[in-house]
Amino acid sequence: MAETTKTPVIILGLGAMGQALAATFLKAGVPTTVWNRTPGKDAELLAAGAATAATVTEAIGADGPIIAVLLDHASVHATLDPVAARLAGRQLINLTSTAPGDARELAAWAAGHDCGYLDGGIMAVPPMIGRPGASILYSGSRTVFDTHRETLELLAAAEYFGEDAGFASTYDFALLATMYAMFGGFLHGAAMMRSVGVPAAEFGRRAAAWVGAMAQSLPHQGAVIDTAAYTDRVQSIAFHKAALDAINRASRDANVTLDFVAPLKNLLDRQVADGRGALGFERTFEELI
Ligand code: FVH
């Protein structure tokens, strides 16, 4: 039998994402040890060749980086605090979604136990893992990233953003905030369209094309924000305030609440009241910081 030269990995957490990561590693021939708090989630992985550990201590007794893919910051501590003394000289790659401050806290905690720490923000849902389009944003220990880059690339395109362990998480949640604004807007629009009998799926097809076209303007908007060139405007705050006022009226006519659109309308109203209506829409950024 040919001997494997692939670096082994340990995966702590077999939720939907942990299972997808482990399955992808196994498919690529990476020796994979798995552990989950609740037993019984490893059947398919065992069949695919995973080694299963009954305890965290047993899991981290295996070789390779320790990849945590747990629910949240608290669950990472709940899992690793009891074995902290065994982490000296090891490398922890935390793919659990944690806020930037929590990622920095974990990096300091790991350093206090002489353990390398790399934080990762997964920009993919489980079926995307190992496929084109998936990416994971990393920050924290460059040594950990450089050592395991080839292994991590098996999961998703791997991009490193420097030693600040909280950077990748900030990027992750900034992208998620953008995504949720889009999802929320879609729900609002779908509710409006129900009032005139259009199914949400049909609206979804049209909205996807519209949002895709509008998204093309984001890099330009970003450049305006970076240079604060708010007087060099394409469309003014006053123009967009009128649009939001009209959306409010249209929503009321459709018997849809204003819960989703109200925050943006408030931001625009406030700037017009402050005498900034002639500036470009992107100036709204300044109201957020
Ligand atoms: N799934 C997704 O689409 C997103 C994509 C972007 C990144 N997220 C983040 O990945 C982390 C894990 O997500 P997940 O989808 O695997 O989540 P679940 O299926 O809910 O599994 C959660 C696992 O965490 C274990 N767990 C929870 N609490 C504890 C604890 N106190 N101690 C130890 N383990 C804990 C749970 O174990 P069990 O309930 O089966 O015993 C699961 O293994 C997450 O941060 C996403 O935000 C995924």
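The structure presented is a predicted model; accordingly, all values stated were derived computationally and were not measured. Just so you know, ligand 1 is whichever comes first in the structure, and atom 1 is the first atom listed for that ligand. FYI, the numbering just counts along the sequence from 1. Computed over heavy atoms, backbone and side chain alike; hydrogens, waters and symmetry mates excluded.
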For H220, what residues pass the ring pair (Phe, Tyr, Trp, His ring centres under 6.0 Å) criterion, not counting sequence neighbours?
none
In chain order, what residues pass the ring pair (Phe, Tyr, Trp, His ring centres under 6.0 Å) check against F145, with sequence neighbours excluded?
Y138, Y160
For F161, what residues pass the ring pair (Phe, Tyr, Trp, His ring centres under 6.0 Å) criterion, not counting sequence neighbours?
F167, Y171
Given 3.5 Å as the limit, does a donor-acceptor pair link the side chain of E58 with the main chain of A54, or not?
yes
Only one of L70, L80, T98, L12 clears side chain to side chain contact (heavy atoms under 4.5 Å, CB included) with S75; which?
L70
For ligand 1, run through the N/O pairs with the protein that fall under 3.5 Å and put one pair on each line.
{"unit_1": "ligand 1", "atom_1": "16 (O)", "unit_2": "A16", "atom_2": "N", "d": "3.2"}
{"unit_1": "ligand 1", "atom_1": "16 (O)", "unit_2": "M17", "atom_2": "N", "d": "2.9"}
{"unit_1": "ligand 1", "atom_1": "19 (O)", "unit_2": "A16", "atom_2": "N", "d": "3.0"}
{"unit_1": "ligand 1", "atom_1": "24 (O)", "unit_2": "L71", "atom_2": "N", "d": "3.1"}
{"unit_1": "ligand 1", "atom_1": "31 (N)", "unit_2": "R37", "atom_2": "NH1", "d": "3.3"}
{"unit_1": "ligand 1", "atom_1": "39 (O)", "unit_2": "R37", "atom_2": "NH2", "d": "2.9"}
{"unit_1": "ligand 1", "atom_1": "40 (O)", "unit_2": "N36", "atom_2": "ND2", "d": "2.9"}
{"unit_1": "ligand 1", "atom_1": "40 (O)", "unit_2": "K41", "atom_2": "NZ", "d": "2.6"}
{"unit_1": "ligand 1", "atom_1": "41 (O)", "unit_2": "R37", "atom_2": "NE", "d": "3.0"}
{"unit_1": "ligand 1", "atom_1": "41 (O)", "unit_2": "T38", "atom_2": "N", "d": "3.0"}
{"unit_1": "ligand 1", "atom_1": "41 (O)", "unit_2": "T38", "atom_2": "OG1", "d": "2.5"}
{"unit_1": "ligand 1", "atom_1": "43 (O)", "unit_2": "L14", "atom_2": "N", "d": "3.3"}
{"unit_1": "ligand 1", "atom_1": "43 (O)", "unit_2": "G15", "atom_2": "N", "d": "3.2"}
{"unit_1": "ligand 1", "atom_1": "43 (O)", "unit_2": "N36", "atom_2": "OD1", "d": "2.6"}
{"unit_1": "ligand 1", "atom_1": "45 (O)", "unit_2": "L70", "atom_2": "O", "d": "3.0"}
{"unit_1": "ligand 1", "atom_1": "45 (O)", "unit_2": "L71", "atom_2": "O", "d": "2.9"}
{"unit_1": "ligand 1", "atom_1": "45 (O)", "unit_2": "S97", "atom_2": "N", "d": "2.9"}
{"unit_1": "ligand 1", "atom_1": "47 (O)", "unit_2": "S97", "atom_2": "OG", "d": "2.9"}

Would you say the ring centers of F186 and F203 fall short of 6.0 Å from each other?
yes
